[in-house]
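Indexing begins at 1, ligand by ligand and atom by atom, following the structure's order. Sequence positions, counted from 1, serve as the residue numbers for this chain. These numbers come from a predicted model, not from an experiment.
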Amino acid sequence: MVFIIIFLVILHQSLPIHYIIKMSDQEQILQLRAELHRHNYNYYVKNAPEISDREFDEKMHLLMQLEEQHPELYDANSPSQRVGSDLSHEFEQVKHRYPMLSLANTYNREEVQAFYDRVSQGLGGEKFEICCELKFDGLSISLIYEKGQLVRAVTRGDGEQGDDVTANVKTIRSIPLVLSDNSWPESFEIRGEVLMPWESFEALNRQREQAEEPLFANPRNAASGTLKSKNSAVVAQRRLDAYFYYLLGTELPSDRHYDNMQRVAEWGFKVSDAMRTVSTLQEVMDYIDYWDKERSHLPVATDGIVLKVNSIGQQQRLGYTAKTPRWAIAYKFQAERALTRLNEVTYQVGRTGAVTPVANMEPVLLSGTIVKRASLHNEDIIRSLDLHIGDMVYVEKAGEIIPQVVGVEQSMRPANAGGTPVEFIKTCPECGAQLVRYEGEAAHYCVNDAACPPQIKGRIEHFISRDAMNIESLGPETVADYYDRGLIHNVADLYELTAVDIMGYNTNRQRSAQKVVDGIAASRKVPFERVLYALGIRFVGKVTAKQIARHFGSIDAIISASVEEMLEVEGVGEVIAQSVKDYFNEPRNVEIVERLRSYGLQLARGENSPNAVPGGDVLAGKSIVISGVFSHHSREEYKELIEACGGKNVSSISAKTTFVLAGENMGPSKQEKARQLGIQLMSEDEFLEMIGPRPNAGSDAQPGGDEHRPAAPQQLTLFD
Ligand code: IVH
């Protein structure tokens with residue numbers, strides 16, 4: 001008997017367990033998943049692998065094979081999901097449960113002391129602890145966990161809502177998909193920073209250099225570009241990492257932030273070892289001193305220190321300003337400086353004619369990137385720096401991204417042989433027109449807006465941009481190409497472009513040319529307020545354009561409005577009112593507007609104003625989730641359409657959801673959730689049919705009505 005047991009023990013140790021006790025495939029899948037989650041954690045969070053890479057790969061391979069044989073055992077959080085997929089996904093916009101605020105910045109010790117004193121005063125002299133942390137320089141991410149499983153990952157976006165990047169985040173190995181320890185609350189949110197470690201960043205840039213692709217300026221840009229990639233397999237290859245620093249929810253394990261962070265580390269999250277609690281200002285300063293030097297040895301980029309009041313009760317008492325918490329602050333490290341030679345000053349002309357001087361320098365390494373150009377902003381700054389060509393200049397990176405010339409090393413300027421002082425140019429480098437500098441303004445302008453090429457191209461680029469006419473089939477390079485080929489001189493010319501014009505003699509380009517023409521034609525549906533913004537009237541941004549459009553209702557009313565009438569619009573002051581007046585006083589601009597009208601663009605708000613819902617209550621009381629990719633309208637248009645029909649667009653599926661408006665490539669987890677809750681999936685066509693010929697989608701456009709429009713003239717040309 002003893003021999004049999006010994007034999008079994010030996011056999012057990014030498015063979016994978018499933019050879020001895022025949023497990024069902026299901027059991028084996030579950031076991032492999034649990035094992036691989038643990039190995040991931042050991043490797044990526046604890047830096048202490050227990051098995052070799054090869055053994056890990058073998059287990060993963062086996063799991064993937066078994067999962068392929070058993071699609072019914074699909075699990076959105078299986079370790080196999082970390083390899084990503086090359087299925088492209090558009091990001092869904094998701095509202096944050098709690099807004100994602102930023103931190104107030106401080107740059108010197110006095111400001112840190114002032115923060116400390118403010119906290120002390122705010123707490124009525126009560127004792128408090130500060131949790132000192134590193135400020136990681138990546139992009140912030142919010143993760144939602146329910147029942148110990150990652151359910152959603154959202155970028156910061158505008159703080160109110162961000163992009164759902166769950167599929168991409170799952171490929172980050174240090175982020176737990178399934179939590180260990182079992183002591184987590186049923187539902188919570190955790191925030192942290194997604195980073196590209198220096199090593200991965202350098203390897204990626206080496207690869208890109210070889211492939212002659214543009215390099216990423218710094219790890220933050222690389223991490224951000226990667227996380228927004230539409231292909232999660234690319235994200236998986238790029239080796240991102242993530243550190244966590246903020247837990248939110250109704251049932252937190254402790255009243256102390258630091259203790260909460262230690263708990264989340266037990267659940268499987270990566271929390272920096274550098275976190276410390278201190279109770280005196282001196283200790284805060286010591287922490288800053290220590291990390292200011294030591295940070296250069298860290299594997300990831302940091303740009304400062306974050307100080308947080310440790311007690312959550314005290315945090316609540318201190319509260320928030322409009323944008324930042326009063327209980328926390330960031331101390332930014334002094335930017336690194338480099339000394340290099342100024343070779344030349346060149347000038348760039350923007351869409352508005354503003355001329356920006358640019359310093360061209362001897363390339364120099366600064367905070368991990370090579371710098372050779374920096375904006376000099378305007379003539380006054382050049383003067384105050386007393387710049388001479390050939391000077392040795394100090395360069396810093398503001399926010400460690402944009403390089404700035406901050407000073408001249410006068411001692412290195414030869415006494416009598418200094419280079420020529422930099423004199424701001426008098427004429428436009430692009431069109432030769434005389435430059436003007438308006439009273440009270442620092443910038444110089446080229447006022448030849450009718451004929452100065454970068455201004456013309458810039459206006460067209462603005463017109464097609466996402467928040468304006470959103471013509472995705474065009475981009476800055478195509479605009480430049482068409483302009484250089486003499487096809488377009490202004491925004492109205494776009495609507496006369498034919499596919500034949502675009503492709504020229506190259507018939508291989510027929511499809512792409514037609515796509516451009518179709519994209520331009522589709523923009524005729526864009527609502528009036530965006531058309532107004534797209535015109536690029538100086539000082540009229542998105543919000544102002546909306547206010548003006550809503551106030552006057554049509555372009556004709558705007559053209560004939562006086563400055564006084566314009567001033568009645570909320571948010572419009574003298575400068576904007578005058579700018580609008582000047583724009584329409586120019587016959588060239590009015591002519592463009594008339595041409596746009598003749599091509600069918602929306603130059604008035606439709607009968608159905610965005611606020612009213614005439615007859616549009618088909619969806620009243622219905623909660624609708626939009627998921628997937630659509631062909632007739634954009635997701636944004638569907639959102640507006642739902643609202644225009646009295647419905648409510650919600651971001652996640654719950655028992656309260658009425659139906660899901662489901663496009664192509666709807667995520668499997670959403671499908672599964674809808675199935676479990678018995679919620680109907682409605683196709684795009686079914687949806688459009690259900691709402692019938694509807695009011696506009698909260699806009700002046702007529703979504704759903706495209707098919708009945710006569711084809712745009714330019715679409716016919718090719719086939720005539
Ligand atoms: S706490 C309400 N802690 O810095 C406060 N933020 O300017 C929530 N960041 O958006 C943020 N390291 O992306 C916090 N240890 C840390 C951080 C940190 C980096 C980033 C984060 C945030 C930004 C604030």
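Nearest to atom 8 (C) of ligand 1 among the protein's heavy atoms is Tyr246 CD2, 3.9 Å. Ranking the protein heavy atoms by distance from atom 21 (C) of ligand 1 puts Tyr245 OH, 3.0 Å first. Looking only at heavy atoms of the protein, atom 12 (N) of ligand 1 is closest to Phe136 N, 3.0 Å. Shortest contact from atom 10 (O) of ligand 1 to any protein heavy atom: Ser140 OG, 3.6 Å.
Of the N or O atoms in Trp327, none lie within a sub-3.5 Å distance of an N or O in ligand 1. Any N or O atom pair closer than 3.5 Å counts here, and Glu133 shares at least one such pair with ligand 1.
For the ligand labelled ligand 1, residue Pro325 lies inside the 4.0 Å heavy-atom shell.
Between the side chains of Ser142 and Glu189, at least one donor N or O sits under 3.5 Å from an acceptor N or O. Side-chain contact check for Ser183 and Arg263: at least one donor-acceptor pair (N or O, by modelled atom type) lies under 3.5 Å. With hydrogens and angles left out, the side-chain atoms of Thr166 and Asp164 include a donor and acceptor closer than 3.5 Å.
Which of His257, Lys135, Arg156, Glu193 comes nearest to atom 13 (O) of ligand 1 through a heavy atom is settled by distance: it is Glu193.
Taking the ring centre of Tyr394 as origin, the terminal cationic atom of Arg337 falls inside the region bounded by 6.0 Å and 45° from the ring axis. The cationic atom of Lys332 (NZ for Lys, CZ for Arg) does not lie both less than 6.0 Å from the six-membered ring centre of Tyr107 and within 45° of the ring axis.
When each atom of ligand 1 is checked for a heavy atom of Leu134 under 4.0 Å away, the hits are 12 (N), 15 (N), 16 (C).
Counting heavy atoms under 4.0 Å from ligand 1, residue Leu103 touches it through both backbone and side chain. Residue contacts with ligand 1, taken as heavy atom pairs separated by less than 4.0 Å, involve Lys308 solely via side-chain atoms from C-beta onward.
Leu195 places a side-chain heavy atom less than 4.5 Å from the side chain of Tyr243. Counting only heavy atoms from C-beta outward, the side chains of Leu150 and Lys170 approach each other to under 4.5 Å.
Using a 30° and 60° split on the angle between ring planes, Tyr320 and Trp327 fall in the perpendicular class, above 60°.
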